[in-house]
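Scope of the values below: all heavy atoms of this structure, side chains included, with no hydrogens, waters or symmetry mates.
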Number of protein chains: 2
Amino acid sequence: MTYTINEAAQQFGLTAHTLRFYDKEGLLPFVSRNASGNRVFTDDDMNWLKLICCLKDTGMPIKEIKQYCDWSKQGSSTIEERKALLASHRKEVLRQIEALKANAELLTAKIGFYEDPGNVRLVEELARRGAD
Amino acid sequence: MTYTINEAAQQFGLTAHTLRFYDKEGLLPFVSRNASGNRVFTDDDMNWLKLICCLKDTGMPIKEIKQYCDWSKQGSSTIEERKALLASHRKEVLRQIEALKANAELLTAKIGFYEDPGNVRLVEELARRGAD
DNA sequence: GCTTGACTTAGAGTGAACTCGAAGTGATAA
DNA sequence: TTATCACTTCGAGTTCACTCTAAGTCAAGC
């Protein structure tokens, strides 16, 4: 099974523009072309793209993703480096999750504050003082 | 207890530049000045800033945070709007957490793949074919 | 009185990640 | 064969959130 750039883009919620941009940045080193020069996305490419999107969606900068791509192109001699990069990033993602959980709790508390009708008067009072 | 702009910035891992930028954007509508015209951060202001940072760190754009600030300045007539904004954003944060969890699992799987020595040969083979 | 240092403003500059437009190619359909 | 459509490249433009610079004020210490 193969896909055009637009089909691939659609599957990952991206645009063809963005995929070409990623290609230019070196994030799609394995995508090949057909006789007309158009990009052809294979299932392997789609799996690769899935990892790229995973890294991007978890906040890894494009430069760092490119480093991973460069290592992949170099072959099995770089497996330790790649593993280390992913492991360190995974740790970072777990940290992000904890941070988001803490922030979600703060939001819950704030919403709860607004939900208590007794606080409405307090908000008015605090607003007069200059904060809530 | 009050704080200078630098003390406030430090407490939230920001710079004074960033706090002035937030002020200019309307995110700190309650921070007042001393006789010299310098910003004075009260404990109320620090709590306010904590919420602003929570919204910012969870990906809310500055424009939307400003909307919340504008509503707060308007007083208790906007409590429903504020509550709705926070509730909707909280939902979005929970969605983010789930997305990050899924991505963390993908990373775990990928790291596990690299950890199995049998896969190293596979990586070499796949690299020859143009993907891994 | 002079220096130092923390603050002030306005506005320009930066970097990341797109996002778009122009101009062109190649395959298919009427 | 002419139109349509999806693709191509190159490079400029946009948005966001800072980040920094320049020029200046103000209070404290020597």
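B:Tyr3 and B:Asp43 are linked by a side-chain donor-acceptor pair at a separation below 3.5 angstrom, with hydrogens and angles left out of the test. Defined by atom type and a distance below 3.5 Å, a donor-acceptor pair is present between the side-chain atoms of B:Arg82 and A:Tyr114.
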Please enumerate all protein N or O atoms sitting under 3.5 Å from an N or O of nucleotides 19-21 of chain C, with distances to 0.1 Å.
{"from": "C:dC20", "atom 1": "N4", "to": "A:His17", "atom 2": "ND1", "distance (Å)": "3.4"}

Distances for protein N/O vs nucleotides 26-28 of chain D N/O pairs under 3.5 angstrom?
{"from": "D:dC26", "atom 1": "O3'", "to": "B:Ser36", "atom 2": "OG", "distance (Å)": "3.4"}

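Counting only distance, with no hydrogens or angles, the side chain of A:Asn103 and the backbone of A:Leu100 share no donor-acceptor pair below 3.5 Å. The closest donor-acceptor contact from the side chain of B:Trp48 to the backbone of B:Val31 lies at 3.5 Å or more, if one exists at all.
Residue A:Lys56 contributes atom NZ, which lies 13 Å from atom C1' of C:dA16 at whole-angstrom precision. For A:Asp57 and C:dA17, the CG to C1' distance is 13 Å, given to the nearest whole Å. Between the C1' atom of D:dA6 and the CZ atom of A:Arg20 lies a distance of 9 Å, rounded to the nearest Å. In this structure, A:Ile52 places its CD1 atom 13 Å from P of C:dA17, rounding to the nearest Å. Atom CD1 in A:Ile65 sits about 13 Å away from atom P in C:dA16, given to the nearest Å. Rounded to an integer number of Å, the gap from CD of B:Glu25 to C1' of C:dT9 is 15 Å. Regarding B:Leu19, its CG atom lies at a distance of 12 Å from the P atom of C:dT9, rounded to whole Å. The NZ atom of B:Lys63 sits 13 Å away from the C1' atom of D:dA17 (whole-angstrom rounding).
Enclosure of atom CD in A:Glu81 by more than 12 non-hydrogen atoms of other residues, nucleotides or ligands within 6.0 angstrom is indicated. Environment of CD in A:Glu25: crowded, with over 12 heavy atoms of neighbouring residues, nucleotides or ligands closer than 6.0 Å. The number of heavy atoms from other shown groups lying within 6.0 Å of CD (B:Gln10) does not exceed 12.
When all heavy atoms of B:Cys53 and B:Leu14 are compared, the pair lying nearest together is SG-CD1, 4.0 Å.
Distances shorter than 4.0 Å separate some side-chain N or O of B:Arg33 from OP1 or OP2 on C:dT9. Note on B:Tyr22: every side-chain N or O is 4.0 Å or more away from OP1 and OP2 of D:dA17. Proximity of B:Arg39 to the phosphate of C:dT9: a side-chain N or O atom is located under 4.0 Å from OP1 or OP2.
For the pair B:Lys110 and B:Phe113, the cation-pi criterion (under 6.0 Å, within 45° of the ring axis) is fulfilled.
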